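Data block below; observations after.
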Number of protein chains: 2
Amino acid sequence: MALGLSVDRSSPVPLYFQLAQQLEAAIERGTLTPGSLLGNEIELAARLGLSRPTVRQAIQSLVDKGLLVRRRGVGTQVVHSQVKRPLELSSLYDDLEAAGQRPATKVLVNTVVPASAEVAAALGVAEDSEVHRIERLRLAHGEPMAYLINHLPSGLLELDTGQLEATGLYRLMRSAGITLHSARQSIGARAATFDEAERLGEEEGAPLLTMQRATFDDTGRAVEFGTHTYRPSRYSFEFQLLVRS
Amino acid sequence: MALGLSVDRSSPVPLYFQLAQQLEAAIERGTLTPGSLLGNEIELAARLGLSRPTVRQAIQSLVDKGLLVRRRGVGTQVVHSQVKRPLELSSLYDDLEAAGQRPATKVLVNTVVPASAEVAAALGVAEDSEVHRIERLRLAHGEPMAYLINHLPSGLLELDTGQLEATGLYRLMRSAGITLHSARQSIGARAATFDEAERLGEEEGAPLLTMQRATFDDTGRAVEFGTHTYRPSRYSFEFQLLVRS
DNA sequence: GTAGTCCGATTGTCCGGACATACGGATTGA
DNA sequence: TCAATCCGTATGTCCGGACAATCGGACTAC
């Protein structure tokens with residue numbers, strides 16, 4: 001097959017990664033059609049001038065992403081389903097932007113407060129110690145969409161209101177050198193209180209979608225604790241899961 | 001350190017898997033405390049009589065699970081946070097059982113119907129072709145908790161009402177030899193219609209948590225499409241995410 | 001005292017090979 | 001005709017080694 005696979009040994013990009021990218025691109029592009037066999041690893045390695053472990057590493061990374069399926073004695077084939085991207089730690093801002101909605105943010109509160117018991121527990125800091133508190137209203141097409149309350153440990157990040165209105169919190173954290181690693185989420189629903197309804201332009205008692213999330217960086221340190229409410233008519237959580245085998 | 005690590009070469013269980021399990025157990029047990037270094041791979045391999053790639057494979061699997069963090073030039077250490085288990089494709093039945101709630105199921109509908117356009121699209125079958133339809137009421141402590149509507153392609157599974165009341169749908173599928181692979185989920189909220197409220201013992205207009213999910217097996221074939229409504233006072237979605245690096 | 005440099009330690013990448021295991025089709029036997 | 005067996009094929013596991021890249025601390029020079 002003319003997949004045009006090739007690797008550049010002078011590049012600093014790892015060989016297995018180059019191969020994985022090319023395979024993923026071929027799947028995305030439709031050159032590798034769902035259900036089609038990938039050709040055996042030995043032969044593929046020989047064709048590319050790579051060793052089998054390297055080829056396997058590339059393939060494995062795509063299997064982990066859910067793009068390929070390996071079956072012993074059969075071969076490796078492209079998953080034939082509409083499942084494309086697995087779950088990511090999503091950012092509302094990025095989600096909206098990807099959907100072409102041009103999100104806007106209004107920062108309502110950006111201050112330092114003593115940590116409540118709940119916040120302290122979530123962030124793993126002492127109660128009443130100083131934490132940043134920001135409250136933001138997220139809009140799409142001029143309509144309120146979500147009300148976001150976040151707490152961050154102090155000293156982690158400069159929280160500039162202007163920047164917060166121009167981009168998302170996660171992006172700010174990443175550009176400050178923080179590598180996000182994992183998060184604990186809880187998604188529920190409840191009736192809007194009067195204040196909540198007011199802020200989001202809903203009626204009191206209207207259903208709201210709620211999300212609480214504690215985010216951790218790669219050292220396991222809590223870097224953010226958020227309590228968000230969404231207008232369910234404007235937003236729902238969409239994601240793909242992979243089963244752990 | 002006296003971690004008591006050892007592998008059984010006569011076991012059919014892969015060596016890297018044995019090691020991974022023992023390391024995970026040690027972390028769970030607290031023998032390996034958060035933040036502690038794991039000792040370098042070379043020495044660990046020598047101590048266990050394994051090769052370095054095997055040890056690396058074990059460690060990598062735990063890194064993928066989010067239990068360990070590797071840093072070049074430093075070593076591998078246990079993540080120090082409360083993040084323990086990453087996201088799984090959760091089964092409401094298993095969730096409830098794990099929480100010690102002794103779930104009960106009432107099967108209200110178990111029949112074969114022509115596929116609606118929505119169902120046909122989700123399952124990847126022709127419109128009006130035959131699909132199974134089941135409607136179940138899930139109770140915990142005698143209280144209604146969720147109303148579950150599921151559609152399955154015909155010929156996939158024997159859907160015995162008795163079995164459906166005794167266990168969960170996912171467990172049934174797994175024991176029928178279906179390997180679940182991935183799912184596409186959408187979680188939202190809305191106000192209960194009169195009928196929905198009736199079924200769940202809520203008031204009309206009360207907030208409901210909704211979930212739609214299409215599940216795929218390892219060949220990418222859709223095996224189930226579910227439309228569920230939950231009482232938010234009784235249930236919320238809890239899960240951990242890992243960031244894809 | 002401070003900044004730059006060097007160096008040991010540790011993980012990251014890659015190789016080539018060996019044998020085990022499971023799947024599916026072909027062959028063989030009843 | 002149908003079922004059990006054999007066998008080729010492809011992935012799964014494991015080994016031992018080599019060199020590169022990066023981190024952090026120690027040392028050195030200014």
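Note on naming: letters A, B, ... go to the chains in the order of the sequence lines (proteins, then strands), and numbering restarts at 1 for each one. Owing to the predicted nature of the structure, the values given are computational and were not obtained by experimental measurement.
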With sequence neighbours left out, what residues match A:F237 under ring-ring contact (aromatic ring centres under 6.0 Å, His included)?
A:Y230, A:Y235
Taking atom [atom2] of [N] as reference, at what distance in whole Å does atom [atom1] of [X] sit?
X: A:L37; N: D:dT9; atom1: CG; atom2: P; answer: 14 Å
X: B:Q57; N: C:dT13; atom1: CD; atom2: P; answer: 15 Å
X: B:I59; N: C:dG12; atom1: CD1; atom2: P; answer: 9 Å
X: A:L44; N: D:dA10; atom1: CG; atom2: P; answer: 12 Å
X: A:R56; N: C:dT13; atom1: CZ; atom2: P; answer: 17 Å
X: B:Q60; N: C:dG12; atom1: CD; atom2: C1'; answer: 10 Å
X: B:L19; N: D:dT13; atom1: CG; atom2: C1'; answer: 14 Å
X: A:L15; N: D:dA21; atom1: CG; atom2: P; answer: 12 Å

Among [options], which nucleotide sits nearest the side chain of [X]?
X: B:E41; options: D:dT13, C:dT13, C:dT11; answer: C:dT11
X: B:T54; options: C:dT10, C:dC15, D:dC14; answer: D:dC14
X: A:S51; options: C:dG16, D:dC14, C:dT13; answer: C:dG16

Does the side chain of [X] come under 3.5 Å of the side chain of [Y] through a donor N or O and an acceptor N or O?
X: B:R70; Y: B:Q60; value: yes
X: B:T111; Y: B:R133; value: no
X: B:Q212; Y: B:E118; value: yes
X: A:R136; Y: A:N150; value: yes

Under 4.0 Å between a side-chain N or O of B:Y16 and OP1 or OP2 of D:dC14?
no
Phosphate-side-chain proximity, B:T76 and C:dT11, N/O vs OP1/OP2 below 4.0 Å
yes
CD of A:E224 to NE2 of A:H151, rounded to nearest 0.5 Å, is 10.5 Å
Donor-acceptor check, side chain of A:N110 to backbone of A:E135, threshold 3.5 angstrom: yes or no?
no
Readout for nucleotides 17-28 of chain C: B = base within 4.0 Å of protein heavy atom, S = sugar-phosphate only, - = neither; 5' to 3' it is -B--BBBS----
